[in-house]
Structures are given as C-alpha cells and as structure tokens.
Visitor: 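Sharing a structure below in structure tokens format, with a few things to ask.
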Protein chains: 2
Amino acid sequence: MSAPLNADLFDPFCSHRMPIRVGDKWSGMILRCLEDGPRRFTELKVPLKGVAPKVLTETLRAMERDGWLTRTAYDENPPRVEYALTELGRSLLGPMDVACAWAREHLDDLPRIGDRTHPA
Amino acid sequence: MSAPLNADLFDPFCSHRMPIRVGDKWSGMILRCLEDGPRRFTELKVPLKGVAPKVLTETLRAMERDGWLTRTAYDENPPRVEYALTELGRSLLGPMDVACAWAREHLDDLPRIGDRTHPA
DNA sequence: AGAGCCGGTTCCGTTGCAGTAACCGGCCAC
DNA sequence: GTGGCCGGTTACTGCAACGGAACCGGCTCT
C-alpha cells in the first residue's frame, strides 16, 4: 500500500465514510490488494473482511470487463485462478493515493460512522 | 472549472462512465458549479441538466450536513437562497482535478455508455 | 382576479448494489 | 465413502439512490 489511511483501509465501513470512491464498494480495496502482484480468489477474500463470494465474483468480473485486471485460470487441481492488475488498473492507484491523502488530512472532518442517513 | 473533461462534465451520463466519484451522483458537479462563487438553487438546476428538485434538495442538504457547503436563506421576496463552498468543500476540488485528469488521459479506455450491466 | 417566481415538499415507483444462505463439480487425502 | 479444498453459482431478500409528477406558500405584477 503506497498511501494507506490511518483507519483500516480494508474495513468496508471505511468506504462508507470516504467521499471519494474508485469504482464500486470493493474495487478500490481490490486494487490495493493487487498492487504488489497477482493474487488468487481466496487470497482476496481474507483481507476483504466479510465480502460475499458472490459479490467478489461480480466485482472481479466487472473489473476484468472494464480492463482493470486480468483473470488467469490454471488447469490444475485444486483449481487455481489468479487476478493481476493491467496497466490501466495500475494507473488508477495514482488518483487513489491522492484521495487517500486527502482523507488522511481531513479525517476529523469526515462524518462519523452511523451519523448518516443519506450518503455523501 | 479548473480541469474539465473533454466530454460534458455536467452530463449525468458522464458520471456513469467515471470510475472515480466524489460523493454521490450530483455532488461532484455541484462542487464544480460552486467553485467560482455562491449560487442559488435555480442557478444550480440549469447546468445540472434534468436533476429533479427533490434530488437536488437532498444532495444539497447532505453536503451541508457534511460541511462541504453552507446554505444561506435571505428573507426577501421572491425568496433567495445561496449555496457556497466551505474550505472543506473547496479542498475536494484538488482530488477531483486529479480524477478528471486521469479520466481525460484514459477517455478511450473508459467503457462505452450502455455497455455495462454491472457498474465499475 | 389571475398568473408567475422561488425554493422547495410529498407521493409513488423503479433500479440496482449489496448481502445471506445454500449448493456445486472435480479432485485429493484419510 | 466421507470430508475438505477451491472457485465459484443460484435463488432470494433488503435497502438506498434516483427519478417523475404534482403541488405548495408567500409575495408581486398586471
């Protein structure tokens, strides 16, 4: 992680407070998980606490479709599938770092969890 | 506007393609509308093509609650209400510029409108 | 009296993101 | 043959965001 939040970046509640979002709820965290190299499905499930496999699959498929990452299935047993960032996906890390820096700087101004009925 | 997209930034379809979002659907556009000074309700409705007054009210209230802008009602007739950025709101323009720059650079890699069933 | 302006509000409906729970096929080890 | 691992899929549900249409009060202008 090149510019982590002080708060746990991989806590999904964090993205509720974060006014700048990359993609949908989990895409940003997935980008962070992949920046140091390819990872497989179960390796992503662990740091992304509590993500439902269905949602993770959907998100990964959408990111693949949009050219942010590649999916490589190896014909082994047990099966192995690796997800890796493309150049386009990697190019999103820059803007993400800026957003994270903003968030770190204004952490105290961010709404407290639970305060909000309408998102911002 | 300090870093506009080539595409019409105030076309809501644009935000469907944009993988980096500030706040909800309209917040980013509202920030842009206010960066050159305060504006009133109807002055916001015009550039934000087709926003329902209800949604605009909700969004402005949420942005006020989160400290991004201030709402000032003058006791005149016809009524006048002015919305102005706070320092916090203004501080979001920087990250937004970065996101817009990214989008301009990768405009051709962004998914075509209508291609998507699942968002990114 | 009637119409218009401003800044909304109310009602109702649709869409889609996200989540839970359960299940699957193929292979392996016990 | 039973259970576990991996990488999912399917069916069902909930909720928040978003939107369209209609309406409102207070005032002014004609």
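Note on naming: letters A, B, ... go to the chains in the order of the sequence lines (proteins, then strands), and numbering restarts at 1 for each one.
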Visitor: Nearest whole angstrom, please: distance from the C1' of C:dG7 to the CD of B:E43.
Guide: 13 Å
Visitor: Taking the nucleotide of DNA chain D with the closest heavy atom to each, which residue, B:P53 or A:R61, is nearer the 5' end?
Guide: A:R61
Visitor: What's the separation between atom NZ in A:K25 and atom CG in A:L48, rounded to the nearest 0.5 Å?
Guide: 10.5 Å
Visitor: Roughly, in whole Å, what's the span from CG in A:L44 to P in D:dC6?
Guide: 13 Å
Visitor: On the nucleotide C:dG7, are OP1 or OP2 found under 4.0 Å from the side-chain N or O atoms that B:T42 carries?
Guide: yes
Visitor: OP1 or OP2 of C:dG7 less than 4.0 angstrom from a side-chain nitrogen or oxygen of B:R40, does that happen here?
Guide: yes
Visitor: Might you point out which heavy atoms bring B:E82 and B:P38 nearest each other, and give the distance in Å?
Guide: OE1-CB, 3.9 Å
Visitor: Let me know the distance between CG of B:N77 and C1' of C:dC5, rounded to the nearest Å.
Guide: 10 Å
Visitor: According to a strict under-4.0 Å criterion, is A:K45 in side-chain N/O contact with OP1 or OP2 of D:dG8?
Guide: no
Visitor: Please check this pair: side chain of A:T86 against backbone of A:G67, looking for a donor-acceptor N/O pair closer than 3.5 Å.
Guide: yes
Visitor: B:P78 side chain: which of C:dC5, C:dG19, C:dG8 is closest?
Guide: C:dC5
Visitor: Can you tell me if A:D97 uses its side chain to pair, donor with acceptor, with the backbone of A:C100 under 3.5 Å?
Guide: no
Visitor: Mind calculating the distance between NZ (A:K54) and C1' (C:dA22) to the nearest angstrom?
Guide: 13 Å
Visitor: Out of C:dT9, C:dA18, C:dC6, which has the shortest distance to the side chain of B:T57?
Guide: C:dT9
Visitor: C:dC6, OP1 or OP2 - any side-chain N/O from B:R80 closer than 4.0 Å?
Guide: no
Visitor: Which part of the nucleic acid, if any, lies within reach of A:Y83 when heavy atoms closer than 4.0 Å are counted: base, sugar-phosphate only, or nothing?
Guide: sugar-phosphate
Visitor: Round to a whole Å and report the spacing from CD of B:E58 to C1' of C:dG7.
Guide: 15 Å
Visitor: Salt-bridge test for B:R32 and B:E35: reply yes if a basic N is under 4.0 Å from a carboxylate O, no otherwise.
Guide: yes
Visitor: What is the distance, to the nearest angstrom, from the OH atom on B:Y74 to the P atom on C:dC5?
Guide: 23 Å
Visitor: Report the distance from atom CG of B:L56 to atom P of C:dT10, rounded to the nearest whole Å.
Guide: 16 Å
Visitor: Can you check the B:D24 CG to C:dG16 P distance for me, whole Å?
Guide: 17 Å
